[in-house]
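A quick write-up on the structure given underneath.
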Amino acid sequence: MGPQPTSLGSGTRGPGPGKAEAAAAEVDRASVIRAFRPLGWLRIREAIPSWMSWVLGVIPILVLLLAWWAVTAGPDAESRMISPTILPSPTEVARSLPQLWFERALTRNLVVSFSRVLTGFAVAVAIAFPLGVLMGAFTKVKAAFNPLSVFAAYLPIPTLVPLTLSLFGTGESQKVVFLALAFVIYLLPLFVAAVDSVDDVYLKTAYTLGASRTQTVGKVLLAISWPDIFRAMRMGFGVGWSYILLAEMVDIGKGLGGIIMVSQRRGPREHIYLVLVFIVLVAFLTDRLWVWLGRRLFPYREVRR
Amino acid sequence: MASNPPTKVGPTALGKIVLILFILACVAGAAYYFRDLLAPKGAGGPKKVDLDAFAQQVGKVEAPDTKGITTVNEYTYVPADKLPPVKGVSSYTWSAADKVVQFPINVWIGWLPILAANHGGAPNTESIFFKEYGFKVNLKLIDDPVVARDAFAAGQSHVLWGTLDMMVLFAPGLMADSRTAPRIFQQIDWSNGGDGIVVRGSIHSVKDLKGKTIVYAQNSPSQYFINNLLIAAGIQPGEVTHKYTATAFEAAAAFVADKRIDACVSWAPDIYNIPEKVTGTRILTTTSEANKLIADVWAARADFAKDHPEVIKGLVAGIFKAMDQLSDPAFKERAFQWMGELYGMSVDDVRAMQNDAHSTNFAENKSFFLNANDPTNFERTWKNITFVYRELGLVGTPARFDEVMDFSVVKQLEAEGAFKHQQDTYRTTFAPTSYTKLSAEAPIVTQTIRINFYPNSANVYEPQHDDVGAPLPNTLYDPSVEATLEKVARLAGQYERAVIAVVGHTDSSMKGKGTRYQDVKQLSLDRANAVKQALVKKYKFDPNKFTVEGKAWDVPADPDDPMNQALNRRVEIAVYPPEA
């Protein structure tokens, strides 16, 4: 609760010395009253300092860890609220890190999985981007591909594993193709929507200025929808991680999916949770990278914040 | 730059690039220096299997057993003495009013007796379990073993289905909590054609798999099946490229899709469909020959078994009762129908599976759980799986067989005289055959064993001799002969239906030194015979299962190194498919 900016809605027009003080006092009183109203400290779109956003962000994580610790605490396995055969305790999970890191080569597997996600993503963008832009720009193209896109969005993706298997074998290409498929299905509608949402005003202006069809697509539709397309890519990149387990179901060897699957069967189960932690970590870091890149590419989008 | 030189402070553009490159090089160098810390290679990769480690798991402390065992030898201990005691408060869901046992099963014909006993999947009052023992059973389909295991650990189900090899993998984790420790009370079936290995045409025997690529579902009976065979054939797992899938179905699909894969381990019906549909493929072997290799069992939670011994006994007895009733073809048809309803399959599809497994009745369970001489009893099967999996590095500290095996119910039923009429029908009778006839085809697998015979002796249990040649009592010339015979017995037991050739070979050290070839040939034959007799005597095999042959010094072990006499003195055990 920092000092309130006095100019907001207080109606002080003439900056007379006595008047301003009285007004400030009035505003202060108002903010105190507001703060004690139910949920008065919650204000719509208020600006908070960065330390506060960090603190507020850490609290739920700590609560979760505490809850985890509480349900798995106890002198022996039998007195825990949740049995270690289901959920190991945080310390047990932490203690199994060296084994996962050294014996099971966590980082190498992480790199393998990450590069699979990355390759699949690149392939997907190479397909979904041109198709999405064309669909967004030309109604006939959209009419042709939209039913397929809608159908694909409702597909239970796991059922495609055997299909990609018989078409692309058991090697690396099958995994990349499967991930690319999942990415395309997610990204395509978002790309179309991004181009679709460009206001007609811009098109009319472009036509008035005598822009050609190519120019209109390239310099108006695409140029305006770039930030939205980028945002769709940022959101979509996470999708790959949710499918990595399915992608790595065949020819289980390297990759985080393999580690999880093997740990489920013959333990240690601690590694399942550790791998999840690392996936979250990687997802967080890559998301930061996307945000940083977004700020660099589209600084004009940042003005609103 | 030139327009405003005085304000320009700091490095030039080139300087910045050099600086950044320098920093990057430092980071890369540090990363490389600490590469084993940042990205260790891991302990994975093909391990070198110690094929002699087998001897260590056969009781070394026993006195040499030179007489052989002539009667059925039953365990004398009480299971409760060896099973881990249950601590704490039971933590499974159970309603004393409804009394419904949650019993998940997978798609497998072996569950026919329990489906028959329960009159379908849903809990009902018509079932044997309710009418005779006063509880209900809910058989639900949980095909994914991991989900079944998790439901078991969470106390949502009281029973865990599985093959014994799955239990070996699951047991150490589940035993972390004494309440979820699995207790195995009953064998449901032996896989009897349900599992198999399909290969491309150029492969005729397991030894041909060396250097080839195989695909199978990891941590499944498939993995045990193939690796047990590879180890029996003396092939290091690292000499074969293993590709893993999550399910057997995907392994079959991968084999069909990818011509670079030379073999797959999968289940019926895929293993029978592939050779019909894909040219150039054939079945190498199935569990219709290795018919005592893969055992299906069920395990109960330790806390549930402790709290409800009468329910456990009812489950075991009810299943045996249903096995009797299934001999009525009309009832069997109804059972097929119940199974079809639960699995969402047509009755025809269910009927087509009926030969994939052999339901093990009371007498067969008795032999499996209690008979210490049975070459494929619980203890040996468990130890064999543990041996294979430990050598592959798949299990760290495995559970002992007597920490999970609970034969108390089988013993109780025996004491009550129940199911006396059920006879062990799962025994193959063999007609005598000749080695020449047998060896016309390629063997499925050949195992080479070495027994150190006393010079010119053909007695496997030959004692040591003192300086003047007098035998020393209670000694063995080859102290590891028991372990060697055990190894053969297990393979011969697993391949219960197969015919086995025991081929003796001698070294060629006396070649051209006045020794008569005839005598050497006779010695090699005598030694093969001695191995056969020892096996028949100790493990009660049908003598006609074995065919003996003496090859003298004709076939060196390694054609590239024919004078390696240590390798040449050997006995080869070749497993041949049963004659059609």
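A heavy-atom distance below 4.5 Å is found between the side chains of A/T85 and B/R149. In this structure, A/R266 and B/F170 have side chains that are not in contact, with every pair of non-hydrogen atoms separated by 4.5 Å or more. Residues B/Q218 and A/V262 meet the side-chain proximity criterion, which asks for heavy atoms closer than 4.5 Å. For the pair B/R35 and A/T107, the minimum side-chain heavy-atom distance is 4.5 Å or more. A/E78 places none of its side-chain heavy atoms less than 4.5 Å from the side chain of B/V89.
Counting non-hydrogen atoms of neighbouring residues, nucleotides and ligands closer than 6.0 angstrom, the CZ atom of A/F145 reaches no more than 12 such neighbours. Atom CZ of A/R231 sits in a sparse spot, with 12 or fewer heavy atoms from other residues, nucleotides or ligands closer than 6.0 Å.
Here the CE atom belonging to A/M261 is positioned 10.5 Å from the CG atom belonging to B/N219, to the nearest 0.5 angstrom. Distance check, rounded to the nearest 0.5 Å: CZ of A/F102 to CG of B/L37 gives 4.5 Å. Once rounded to the nearest 0.5 Å, the distance linking CE of A/M81 with OG of B/S91 reads 13.0 Å. Rounding to the nearest 0.5 Å places CZ of A/F168 at 13.0 Å from CG of B/D258.
Contact annotation for B/Y389: neither backbone nor side-chain heavy atoms come within less than 4.5 Å of a heavy atom of chain A. Using a 4.5 Å cut-off between heavy atoms, B/S178 contacts chain A through both its backbone and its side chain. Contact of A/V161 with chain B is made through the side chain alone, with heavy-atom distances under 4.5 Å. When heavy atoms are compared at a cutoff of 4.5 Å, A/R269 approaches chain B solely by way of its side chain, counted from C-beta outward. In this structure, chain A has a heavy atom under 4.5 Å from the backbone of B/D36, while its side chain stays farther away.
Applying the side-chain hydrogen bond (donor to acceptor under 3.5 Å, both in side chains) rule to B/W267 yields the partners B/D195; only residues at least two apart in sequence or on another chain are considered.
Comparing B/A253, B/G88, B/P145 by heavy-atom pairs within less than 4.5 Å of chain A, the highest count is held by B/P145. Contact count against chain A (heavy-atom pairs under 4.5 Å) is highest for B/L169 among B/L169, B/V256, B/T247. Between chain A and the residues B/I261, B/V86, B/V395, B/L38, the largest count of heavy-atom pairs under 4.5 Å involves B/L38. Taking chain B as the reference chain and counting heavy-atom pairs below 4.5 Å, the highest number among A/L100, A/L106, A/N109, A/I86 is found for A/I86.
Shown here for B/A176 and A/A77, the closest heavy-atom pair between the two residues is O-CB, 3.2 Å. For B/S220 against A/R265, the heavy-atom pair with the smallest separation is N-NH1, 4.1 Å.
Residues of residues 58-66 of chain A lying within less than 4.5 angstrom of chain B, judged on heavy atoms, are absent.
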